[in-house]
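Quick notes on the structure that follows.
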Amino acid sequence: MVSREGGAINHWRNIVEGLPSLLKGLGINVEILLGLISLGFVVGIIIAIVQVYGKKCFVWPAVAYEWFFRGVPELVLILLVFFGLRQFGVKITAFFAATLALGLRSSAYQSQIFRGAIQAVGHGQMLAALSLGMTRIQAIRYVILPQALRLAIPPWSNEFSSVLKDTTLAYAIGVEEILRRANYLRMRDYLITIPVFIIVALLFLVLTYAGNWTLGRLERRFRIPGFEVKGAREERL
Amino acid sequence: MRMRIKVLLAAVLVLAGGVWAAQAEKYIVASDIPWPPFEWASPSGDYLGFDLDVMRCIAVLEGYEIEIQPMAFDSIIPAVRLGQVDIGASGFTITAKREEVVDFSNPYWLSNQAVLVRKDSGFKSLDDVLCCGHKIGAQRGTTGADWVQSNLVDKGVDVKLVLYETYPEAVLDLVNGRLDAVVQDEPASQQSLAAYPKVLTTAGVIETNEYFGFLVAQGDPKGLLPKINEGMVKMGLRCDLMRPAEGQWKVKLRIIPGSAWDYLVRAYFGPKLEKVEAAWKACIKILYDKSLSPEERVFRFAKCLAEKASE
């Protein structure tokens, strides 16, 4: 459906001219990703530890927190944070609103990853550590977490790929990430809509692959022979 | 020691206050980029468009600064109400419903709704199109969609309204034969025609007589509306109230020929977007050339834009 004489060339030019803008947008997605995943990591581990080892009175708030942030749709969370905080006079940029909302949501999911991993480390080890005179915190820090974090890498890379794609939701509140920039491009030239979205998809495929590859390397790097979960088979890839 | 720190702190505060006071007021303008030719972003990241350049020119004339904040169309009115942004400039039609929640400037644009069809459909007039079980596409939340709903669907005319998030999808469905017509704001429809000149044509224009206005929070807490209205007059737009012998007051927009407003209209409504982008890049520095008077900066910028874009 090339419309004008020489129209095809124009469309190619529009795509090529738009590439730097798309890559800049992808950079913003990566910034949101780094922000949200570190926030989710720190908060997630704390929630997981509280859920497994905390006193009863702390366990319930942790469970409620996880229930809330896993139950509300991401887009609704983003809009709630962006408009909600403003209502209370907190001036927050769209970028921080998106990172905060997605980070809190991710912390709920990550808490479940870490909870599972902590519980997979035998309770006998905790008892053994305590019997050696370690405090509970020392036992968690030096005995439980080093093993649990290793076990958590495969499910955590799943969360990584998931939140990487969620960063495009920041589009809704005006963050100039890749999807918004893709829309800028296609609204200048309707006919490049499909090619532009294909480019966006390819860029995300590359990014997901690179991220998972790095995490796979980490998993192998930190593996301790003899400490795998009994009976688990290694992946063949 | 304590005393000294206090004195130092006070001095810093006074200095900072002085610097702060010397700066011009800065207001945030929210716009649903992209919606060419009223607002869009070039690949190099400049925000262009008729609305945005009008905002820039008025800011120069009235001595304040603006910052443009891209935002989804539905979010702009809530954001203005919360004081998150100061002005909404995004081709807003002035409607009674919107006037209940925000305040509008004087109207600055009269828009009607164009009805786009395929050339091979053989439709001769609007009456052929808007009937007979035809499928009509429009963007959700726009006055075009409202018009089809309240003037056709609700009145029992046999048409089917299909809603889309943005116009390119509707136009694509029209081209591919899944729709019989698309109802779209007239200036924006020019771009759809330009994308498919051999396939699409305008069957006619529905005179909805919609006036666009800039909007601010209710009660205009920052006193922006008088400045915006004054700025539009300075740029060469006249807004006359007329009352025919019988009937309601009517608004009539009049553009003074050869004024900055006239040149901006010529620059944005006609030339191809790429040409406007190139012209804008070449001309924008004139608007911020401190050696000229504000009026001269605005006029020369608009003239430069119109001339370079239509070269």
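Computed from a predicted structure; not experimentally measured. Hydrogens, waters and symmetry mates are skipped; everything else that's a heavy atom, side chains included, is used. Just so it is clear: chains get the letters A, B, ... in the order the sequence lines come, proteins before strands, and each one is counted from 1.
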Please classify the contact between [X] and chain A as side chain, backbone, both or neither, with a heavy-atom cut-off of under 4.5 Å.
{"X": "Pro36(B)", "answer": "side chain"}
{"X": "Phe73(B)", "answer": "neither"}
{"X": "Leu273(B)", "answer": "side chain"}
{"X": "Ala30(B)", "answer": "neither"}

**Request:** Would you check if the side chain of Gln191(B) reaches a backbone N or O of Met187(A) as a donor-acceptor pair within less than 3.5 Å?
**Result:**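 At least one qualifying donor-acceptor pair exists.
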**Message:** Heavy-atom pairs under 4.5 Å with chain A: which of Glu169(B), Gln84(B), Glu277(B) has the most?
**Reply:** Gln84(B)
**Asked** Tell me, do Tyr184(A) and Pro43(B) make a side-chain contact under 4.5 Å, heavy atoms counted?
**Response**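 No, their side chains stay 4.5 Å or more apart.
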**Prompt:** Between Leu172(B) and Tyr190(A), is any pair of side-chain heavy atoms under 4.5 Å apart?
**Reply:**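 No, their side chains stay 4.5 Å or more apart.
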Count the heavy atoms of every other residue, nucleotide or ligand shown that sit under 6.0 Å from [atom1] of [X], and state whether that count exceeds 12.
{"X": "Phe96(A)", "atom1": "CZ", "result": "no"}
{"X": "Leu202(A)", "atom1": "CG", "result": "yes"}
{"X": "Arg266(B)", "atom1": "CZ", "result": "yes"}

**Interatomic spacing from CG in Asn183(A) to OG1 in Thr166(B) - rounded to 0.5 Å** =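 That separation rounds to 6.5 Å.
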**Asked** What distance do Asn10(A) atom CG and Lys272(B) atom NZ have between them, rounded to the nearest 0.5 Å?
**Response** 6.0 Å
**Asked** Do Arg188(A) and Ser42(B) have side-chain atoms, one donor and one acceptor, less than 3.5 Å apart?
**Response** no
**Fill in**
The interface call for Arg180(A) against chain B, heavy-atom contacts under 4.5 Å, is side chain
**Prompt:** Quick one: what part of Phe82(A) sits under 4.5 Å from any heavy atom of chain B, side chain, backbone, both or neither?
**Reply:** both
**Item:** Pairs of heavy atoms under 4.5 Å with chain B: top-ranked of Lys24(A), Glu17(A), Arg186(A)
**Value:** Arg186(A)
